[in-house]
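Everything below concerns the one structure shown next.
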Number of protein chains: 2
Amino acid sequence: MSAEIIDGKKLAESIKNEIKTAITEREEKSLPLPGLATILVGNDPASRTYVASKIKTTADLGIRSFSYDLDENCPQEELENLILRLNEDPDVQGILVQLPLPGHLSEDEVLHTISPKKDVDGIHPFNAGLLSRKYSEPLFYPCTPSGVIRMIQSVCPDISGMNAAVIGRSSIVGMPTAMMLSRCNATPTICHSYTKHLDEICRESDIIVAAAGSPGLVQGDWVKPGAIVIDVGINHIPDKNGPRGYKLVGDVDFESAVKRAGAISPVPGGVGPMTIAMLMANTLKAIDYR
Amino acid sequence: MSAEIIDGKKLAESIKNEIKTAITEREEKSLPLPGLATILVGNDPASRTYVASKIKTTADLGIRSFSYDLDENCPQEELENLILRLNEDPDVQGILVQLPLPGHLSEDEVLHTISPKKDVDGIHPFNAGLLSRKYSEPLFYPCTPSGVIRMIQSVCPDISGMNAAVIGRSSIVGMPTAMMLSRCNATPTICHSYTKHLDEICRESDIIVAAAGSPGLVQGDWVKPGAIVIDVGINHIPDKNGPRGYKLVGDVDFESAVKRAGAISPVPGGVGPMTIAMLMANTLKAIDYR
């Protein structure tokens, strides 16, 4: 038996097609189109690649794009003033500040400056707080956790009553994923580097979401037979024989886990494309908050 | 063997004594004293009792008290305008709106109106969001979860690596308690009415926090020998022979659990007094945000 592969790329394509259709309809009706502002500070090559990929996707879908490329030494005030201007700009529905920022900038202060109504990443504390309240709806759900939930629901629409091990407690992925799993009536356990007997917790879980940033952490024999395994890890490991000198691997040892899981997402081609698709979905949704 | 009893009343007294000392020192130095505004809407007798108890405690500790007693039919706008005025009032450091509100009022809108700097209950989404971010500090931690953590740490200062079952996922108790446990490097499992095999999850937990509002839910044989059990439940059950016709019981079957736990909090005299003490501690802390 080998697990069903949850094809994040394919699922993301179908979500993007829906968005594209909705935007074409808006165009035909001469309704305002959503706009996304991306802010990149400095020269980190990975950040540059991520932003370029997001801008390309907006173009593909018909979302207007406003990109800001700031100097590595940009002062805090200049960045915050830009955000304040974009908060007021009616052409801009979403504001995305690519993280991490250079060390002299306060990431928290910057993120708190973004209007919660334009927080298409879904990471402003106000939205994170609403997410943690069972009877409140955040204006935006965070992108990666939303992608994770969509992937799980693509193979199992109703996860209520299931146990879920969430490995990693970051504010961008682990913690909000746990909250979203609870909103779906699953029972999440929030695991991290201090957790003891992580293997046993995984073995008792119907769902494993691995977001620890630790290559191959989750072994096949940690997986309960039939479980759903979502691998959020994106780790670069050396690969002498590969064309780029490295390869991408997840937090799950795919080769062994695929033999036990009921469904599993690969790396690459799993969560990564979903995160961008959900960002685009949030940008379209942001039109409602104009 | 019988468990150590975690005496919430005694612990709360020692916290209140520290607050009283700090306020006396402020008085002697002619520094501004903290002030707490309490807002009660309508005639719910339980709410009235809670508010009276909070006002009495402020008086005992030397905290200035401003109480507002609004009519059952008070319009949303009137309540929000009162809060906006109190947000600007330099004599008021904390604003407490007693919940639940009458049905015609939007609780969310009301709570969002309170300045996060005066949110001494620690339940504004902005503060809840900061709580969920590992590297951020909320301006205020929510009162009951703070009390729970203090009680746990009174018998076990370092809980890192411990498994914790949190039963109940409310925005006031369960969810923030899980986040605070994770901040202490424990591994929380967020359980609720859809959770399967709750008894087994409890048996594998070094800490149980019961906040389900279900009398006697946690049985003694659910408790891992030596575990720390905190009972947040406050349930009124009929008691024909008692003077008031009812008695207060928690979510834990105390008689059986006390024989297995390492430490356990009773009801009454457990979490209840701690919640008020932490509210007072937050009100004192709020002076820093003036």
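Naming convention: chains lettered A, B, ... in sequence-line order (proteins, then strands); numbering from 1 in each chain.
- How far OG1 of A:Thr195 is from CG of B:Asn163: 7.5 Å, rounded to the nearest 0.5 Å.
- To the nearest 0.5 angstrom, A:Tyr135 atom OH is 9.5 Å from B:Ser170 atom OG.
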Residues A:Thr187, B:Thr189; criterion side-chain contact (heavy atoms from CB on, under 4.5 Å); working and verdict
CA-CA 7 Å; A:Thr187 300; B:Thr189 298; 3.6 Å; yes

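- Within a 6.0 Å radius of CD in B:Glu77, no more than 12 heavy atoms belonging to other residues, nucleotides or ligands are found.
- With a threshold of 4.5 angstrom between heavy atoms, B:Ala164 does not approach chain A through any atom at all.
- For chain A, the nearby parts of B:Asn185 are the backbone and the side chain; heavy atoms of each come within less than 4.5 Å.
- A distance-only check finds no donor-acceptor pair linking the side chain of A:Arg133 to the backbone of B:Ala128 [under 3.5 Å].
- For the atom pair A:Leu130 CG and B:Asp108 CG, the distance stands at 7.0 Å (nearest 0.5 Å).
- When all heavy atoms of A:Arg169 and B:Ser182 are compared, the pair lying nearest together is NH1-O, 2.6 Å.
- The backbone N or O of B:Ala186 lies less than 3.5 Å from a partner atom in the side chain of A:His192, making a donor-acceptor pair.
- In terms of non-hydrogen atom pairs under 4.5 Å with chain A, the most contact-rich of B:Met162, B:His124, B:Lys134 is B:Lys134.
- Residue B:Asn127: no heavy atom, backbone or side chain, is found under 4.5 Å from chain A.
- Ring geometry for A:His112 against B:Phe126 counts as perpendicular: the plane angle is over 60°, on a 0 to 90° scale with 30° as the lower cut.
- Options B:Cys191, B:Pro138, B:Gly129 differ in how many heavy-atom pairs under 4.5 Å they form with chain A, and the most are formed by B:Gly129.
- Contacts classified as side-chain hydrogen bond (donor to acceptor under 3.5 Å, both in side chains) and involving residues 93-106 of chain A (residues at least two apart or in different chains) are given here: A:Lys54-A:Gln98.
- Within residues 198-217 of chain B, the residues that have a heavy atom under 4.5 Å from a heavy atom of chain A are B:Ile201, B:Glu204, listed by number.
- Across all their heavy atoms, A:Ser132 and B:Met179 have their closest contact at CB-CE, 3.6 Å.
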